[in-house]
2 protein chains.
Amino acid sequence: MSKPHYQQISDSIEAQIRSGALIANSKLPSERQLSEAFATTRVTLREALSRLEGKGLIYRANRRGWYITQGRINYDPTQRLPFNEVISGQGRQPYTRVLAQQLAPTKPDIHQALGLAPLSPIHRVRRLRSVDGHPVLLEENHMNPAYFPGLEKQDLGQSLTRLFEQQYQVRIATMELNMYPVALDPERAQALGMASGGAALFISRLSRDQGGRVIELDWEYWRHDALNIQLAV
Amino acid sequence: MSKPHYQQISDSIEAQIRSGALIANSKLPSERQLSEAFATTRVTLREALSRLEGKGLIYRANRRGWYITQGRINYDPTQRLPFNEVISGQGRQPYTRVLAQQLAPTKPDIHQALGLAPLSPIHRVRRLRSVDGHPVLLEENHMNPAYFPGLEKQDLGQSLTRLFEQQYQVRIATMELNMYPVALDPERAQALGMASGGAALFISRLSRDQGGRVIELDWEYWRHDALNIQLAV
DNA sequence: TAGTGGTCTAGACCACTGA
DNA sequence: CAGTGGTCTAGACCACTAA
């Protein structure tokens, strides 16, 4: 009836984190050091770390060790506020890196969602977004190219919503949102610097203009410990 | 560079599920049988199962084995539609069990959220809600008793929103929602029939009436594989 | 290059579930 | 009561990261 060993270990580490002895974004000692310190094997130690990961207290940077989590970002996906404003409004430091952008056909379900013919070209932008220097969000935008000629020449590090409005006079009127927890595929996990199979929160946003025409399909993969979806209605 | 062994195993099981060879809510063979079938140890086999659990394809019923997941429920938390209607509207079978109800003081943060003095009594209802006979949601409602005299004598298996409106003429006007992934504490995990530390999606909803007075604080814990948050704005 | 995390083996004991 | 899942040991090899 006593607590399992991994529970005692994770409780101990959790106490250290909450006491402030271990600060945000700092690295935990190596698994071998920790398993020795707690007089156990790496298997049990990793069980304890996995529990803390599930609770959102630590996260795993692929092959680089375990780190203390930062606090969650409050985010209202029904507002289309620029990422930079959301993050800096909470006293944190935003950063965006454009990983890829292209105008080419893609997967059938995206063509269907955008209401475009199969194999027709689609604007795609993939960006990695960080808070305080640590990646928390992988964003994949799919846009109907009919509305955005020359998009590839624009600065894509800024807010796309703002770009739509100011450069293309396209204003988003309605959205359909779907949000659920997922495990990251190896490719996306790597882009986020996470281990394959890592937990994320997936947000899909289909945006239309006043005429009900589909403008954009946005896919967001947030690190599961980094996000608090917050909305008022 | 070859795939890890657990990946081959989980791919194989995933293919069987998607092909329909394993149907929803049926139980997988025992871990020992599976590990023998795949010529590996239980440790590796459990790694494969954990990956599938993270993907939402299977779930673990505490000490009773692994089961195939049903499809996700589409749910809009900004509408306050009765659970029964949401579920049956998607061709599924809803069921609600009242686990507990009491009028007593509780934790300080709940008193604070409801704007009530510490140690003042609060109406609490805890309900377990199932789809097609399987628990997916643990709901904890905290209500300001000033608005709901005699609530404990009502039928709490029905929609509380409906009860508020029809029996108490209380209508919810605005809500503040917060949603994020959590790991379940042992007590709540057990209530949901899950293993301790199981992944869930937490939804907190603070409801006010037209006068801006706080009526209710609702906490929902959804099995992470059972839910798709869906909203249109 | 030394050390790390990722993966894996071949067992074991215990508490609990279901027949 | 037989079998199950939950926990744990004491190792091992490999690919990769960081110095």
Side-chain angles (χ1 to χ4, degrees), chain A residues 1-13 25-54 58-68 134-135 183-186 189-199, chain B residues 1-13 26-54 58-68 134-135 183-186 189-190 192-199:
Chain A
M1 196 53 220
S2 71
K3 279 186 193 173
H5 200 175
Y6 71 78
Q7 179 81 60
Q8 300 173 32
I9 297 170
S10 62
D11 285 352
S12 168
I13 297 176
N25 288 323
S26 65
K27 188 179 180 301
L28 288 178
S30 78
E31 294 182 359
R32 283 172 178 83
Q33 284 177 48
L34 285 172
S35 60
E36 195 171 344
F38 287 106
T40 184
T41 57
R42 272 182 70 211
V43 174
T44 300
L45 189 268
R46 279 171 69 89
E47 179 68 28
L49 295 178
S50 292
R51 301 295 178 127
L52 292 174
E53 184 185 31
I58 64 177
Y59 66 95
R60 181 198 315 232
N62 197 20
R63 285 200 162 277
R64 293 189 296 106
W66 298 83
Y67 292 80
I68 315 292
H134 298 264
L184 289 172
D185 56 286
Q190 179 167 32
L192 268 167
M194 295 173 67
S196 147
Chain B
M1 197 53 221
S2 71
K3 281 186 192 175
H5 199 175
Y6 72 76
Q7 180 81 60
Q8 300 172 32
I9 297 171
S10 62
D11 286 352
S12 167
I13 297 177
S26 64
K27 187 179 181 301
L28 288 178
S30 78
E31 293 182 0
R32 284 171 178 82
Q33 285 177 47
L34 285 172
S35 60
E36 195 172 344
F38 286 105
T40 185
T41 56
R42 272 182 70 208
V43 174
T44 300
L45 188 269
R46 278 169 71 89
E47 179 68 27
L49 295 178
S50 292
R51 301 295 177 127
L52 291 174
E53 183 185 30
I58 64 178
Y59 66 95
R60 184 198 313 233
N62 197 19
R63 287 201 161 275
R64 294 191 294 108
W66 298 83
Y67 291 80
I68 314 293
H134 298 265
L184 289 172
D185 56 285
Q190 178 167 31
L192 268 167
M194 294 173 68
S196 149

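The chains referred to below are lettered A, B, ... by the order of the sequence lines, with proteins before strands, and numbering in each begins at 1. Just so it is clear, the values below take in all heavy atoms, side chains as well, and ignore hydrogens, waters and symmetry mates. What you see is a predicted model, and the numbers here were worked out from it, not measured in a lab.
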Answer yes if the side chains of A:His134 and A:Tyr59 hold a donor-acceptor pair under 3.5 Å, and no otherwise.
yes
[N] OP1/OP2 closer than 4.0 Å to side-chain N/O of [X]:
X	N	value
B:Lys27	D:dG5	yes
B:Tyr6	C:dC8	no
B:Arg51	C:dT7	yes
B:Thr40	C:dT9	yes

Looking only at the side chain of [X] (C-beta and beyond, no hydrogens), which of the listed nucleotides [options] gets closest?
X	options	answer
A:Arg60	C:dG6, C:dT9, C:dG5	C:dG6
B:Val43	C:dG11, D:dG6, C:dG6	C:dG11
A:Ser30	D:dT4, C:dG6, C:dT4	C:dT4
B:Arg42	D:dG6, C:dA10, D:dT4	D:dG6
B:Arg46	D:dT9, C:dG6, D:dT7	D:dT7
A:Pro4	D:dG6, C:dT7, D:dC8	D:dC8

Between atom [atom1] in [X] and atom [atom2] in [N], what is the gap in whole Å?
X	N	atom1	atom2	answer
B:Arg64	C:dA15	CZ	P	21 Å
B:Glu31	C:dC16	CD	C1'	14 Å
B:Leu49	D:dT7	CG	C1'	16 Å
A:Glu47	D:dC8	CD	C1'	10 Å
B:Arg32	C:dA10	CZ	P	16 Å
A:Glu36	C:dT4	CD	P	11 Å
B:Leu45	D:dG6	CG	C1'	14 Å
A:Met194	C:dG6	CE	C1'	16 Å

Rounded to the nearest 0.5 Å, how far apart are CD of B:Glu53 and OG of B:Ser10?
13.0 Å
Donor-acceptor pair, side chain of B:Ser50 and main chain of B:Arg46, under 3.5 angstrom
yes
Is the backbone of B:Gly193 close enough, under 3.5 Å, to the side chain of B:Arg64 for a donor and an acceptor to pair up by distance?
no
Which is true for [X] with a 4.0 Å heavy-atom rule: it touches a base, it touches only sugar-phosphate, or it touches nothing?
X	result
B:Gln33	sugar-phosphate
B:Arg63	base
A:Thr41	base

Closest-nucleotide 5' rank along DNA chain D - winner of A:Tyr67 and A:His5
A:His5
For A:Glu36, is there an ion pair with A:Arg32 - N to carboxylate O distance below 4.0 angstrom?
no
Sub-4.5 Å side-chain heavy-atom contact between B:Ile13 and B:Phe38:
yes
